[in-house]
Amino acid sequence: MLKDITIGQYFPGQSILHEMDPRMKIVLTTVYIIMLFAASNPLGLCVSIPFLVLAYGVSRIPAVMILRSLKPVLPIIIFTSLLNMFFIDGQVLWQLGFLKITLQGLTTAIVMSIRILFLIAGTSLLTYTTSPIALTDGIERLFSPLKRLKLPVHELAMMMTIALRFIPTLVEETDKIMSAQKARGADMESGGLTRRAKALIPILIPLFVSAFRRADELALAMECRCYRGGEGRTRMKQLKIHSRDIFCAIFVGVCFAAVIAINLWAPVVLTMR
Amino acid sequence: MIAIKAQELTYTYSVGTPFEKTAVDHINLEIEQGEFVGVIGHTGSGKSTLIQHFNGLLKPTSGKIYINGTDLWAEDTVRRAYRVKVGLVCQYPEFRLFEETVYKDIAFGPGNMGLSPAEIDQRVRQAAAAVGLKPKTLDSSPFELSGGQKRRVAIAGVLAMEPDILILDEPTAGLDPKGREQILSLIKAYHKQRRNTILLVSHSMEDIAKYAKKVLVLSKAGVVMYDDVANVFSRAKEIEKIGLSVPQITRVFELLRDQGYPVSDSIYTLEYAKQELLRMLEERGVPHA
C-alpha cells in the first residue's frame, strides 16, 4: 500500500536521459516548467506533448509510472478546474441558477489541468531517471556560487541527500510496524476519524523512536569516518558535460523557441486571460 | 488436524516495476496441529514472506492459504479473527513497542480482541510470567528496559492473545547466548504446556536441532524439504548444497563416517552424540567410565 508512493522514486535504466549530467537535467527541467507557463496559447502547450512523449520514450519508463505519479495530484486538478469553470466571467455556455459555465472558464480549466498534468509528468521524469544522490550532487554544484554569500550549500545538500536516502527506509519501516501492529489485532481500516487517528499512535511512536535512533547511529557513523563538512572535500564521481547534454539542451532550446514563436505569431484562437 | 495448509501459494513483490520479485513460488505445504516446526533458509529464500501469509498480512498473488481448514481470503470478515488466532512475532519486535507501560503494551493485543478487563488483566499477567518478566516490571516504561527484556515484552504481547499457532521470526537475533537460551527454553516450555503449533524461524541450526521436531527448509522461494529433524539433517550434503549448514555435531559425525567409523547419520544434538559415541566404544570393547 505504502509502496505505491512514487514521487522521488528512482527508476534505474541506461537511457540517454539516465546518463545525462544531473545539473543539465535540473536546468532543462526548469526551462521546461517555464515553457509550460510561458505558453499563453493552447497551441503552444501542444508543443509539450511530443516533447514529453519523446522524453518518456527515450527513457523507457513504462507509461504506468506516469499514471502513478499523476494519481496524487488528481484531486487538486479537479478542484482547480471546477473553480475555474464556474467562477470565470465571459460568454455563458450553460446556466443553472447562480451556477454558470463560460467559454473562457472552460478553456482556462482545460489549459490549467493540462499544465499541471504536464508539470507533474515532466518533473517526475527528472526523479525517475536521476538517482537521489546524483540529484543532490547536481543541486549542490548548481548552487555552489551561493557559498560566497555564506550559505551552507554543502550542508543543505547533505541534509537533502540524507532525507531522500531515508524515505524508502522509513516507508519500509512503517510497513513493518503496521504489519506488526496488525498482527496484534490493531484495526486501522474501520471506525470514525478519531478512532482512526488513535489507531495511528501504535505506528507513529515506534516510527519516531526508530527515526531518532537511526539519526543518532548515522551521525556516529559519519563522525567515525571523519566527516566534517564540505570544506576541501573531493568527489569520487566528477560531473562533466558531454555531447549528449549539449544535444539535449539544443533540443529543449528549439522547443522553447517554438513556444515563443507560437505565442508571437500564431493566430490567437482562444486567448486566455 | 491440519493447522496450516498452503496450496500453490505464490507471492510477487512490486508487480509491474523493474523491482518485481517472486518471493514465494507455488508452495504446497501442510503443517499438523501441535507441531514444533523450525524454518530454515538463507536470506532472501522467502521465509519472512511465507510466514506473513499465515496470518493474512500478505495477500497471495495466486494460490490459497487455509488456517484450521478456513480459506483466509474467501471472506473479508474472517481475516481479522485469524490474525489473532495466528500470533506472529516479527523480526526485532522490540522496536514496535509504543505504550507508556509494559502492562499497557502487553494488553494492546488482548484489548483489540475485545475481551473483558478482568480477562485482559489475567492474560497480561500470565503472558508476562510465561516470558519470565517480574510483576514489578509491568509498571515501568518499555523504553527503559534492556534489549533482551524489551524482546520478552514484545513476545508476551503476542502470547497474551493466546494464539492457536505461534510464529516467531528469528526471536533470538542479536541476543547474547544466555538471552537466546532463555527465550528458546521459554518458548519450548510454553509449547509443552499448551500443545499449540509453533513455527520458529532461525539461522542457528543448533537451536533448530535442539528445540524443533520438524524442519521446513526453504530455498529460492520454494520448499526443499519438510520432514523430521533427524531426516532433514541426515541429508547434510543436500543442505550444504543450497548454502545452509547442518549443526556442528552433525558435521563431526559426517566426518567420522567418512573416516570409516560405524556411526549413525542422524545425530544432531550433543545428547545423541554422547550416546552414539558410547555405544560405538562399547561395541569395540573400549573400556570407559
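So you know, we letter chains A, B, ... as the sequences are listed, proteins then strands, and number each from 1.
The contact between A/S179 and chain B is made by backbone and side chain atoms together, counting heavy-atom distances below 4.5 Å. Both the backbone and the side chain of A/Q181 come within contact range of chain B, with heavy atoms under 4.5 Å apart. Proximity to chain A is limited to the backbone of B/I106, based on heavy atoms less than 4.5 angstrom apart. Residue B/M113 does not touch chain A at all, counting heavy-atom pairs closer than 4.5 Å. For chain A, the nearby part of B/Q52 is the side chain; its heavy atoms alone come within less than 4.5 Å.
Between B/Y82 and B/F54, the distance separating the two ring centers is not shorter than 6.0 angstrom. Remark: aromatic rings of A/F51 and A/F118 are distant, center separation not under 6.0 Å.
By number of non-hydrogen pairs under 4.5 angstrom with chain A, the leading residue of B/N55, B/D105, B/L97, B/N112 is B/N112. If you tally non-hydrogen atom pairs under 4.5 Å between each of A/I203, A/L204, A/I177 and chain B, the highest count goes to A/I177. For the options B/V86, B/L88, B/L57, B/V84, heavy-atom pairs under 4.5 Å to chain A are most numerous at B/L57.
Partners of A/E223 under the salt bridge (Lys or Arg N to Asp or Glu O under 4.0 Å) rule, at least two apart in sequence or in another chain, do not exist in this structure. Remark: B/F143 engages A/I205, A/V209, B/S141 in a side chain to side chain contact (heavy atoms under 4.5 Å, CB included) (not counting sequence neighbours).
A cation-pi arrangement is present between A/R213 and B/F95, with the terminal nitrogen or guanidinium carbon under 6.0 Å from the aromatic centre and inside a 45° cone about the axis.
Residue B/Q91 holds its CD atom at 7.5 Å from CD1 of B/I51, rounded to the nearest 0.5 Å.
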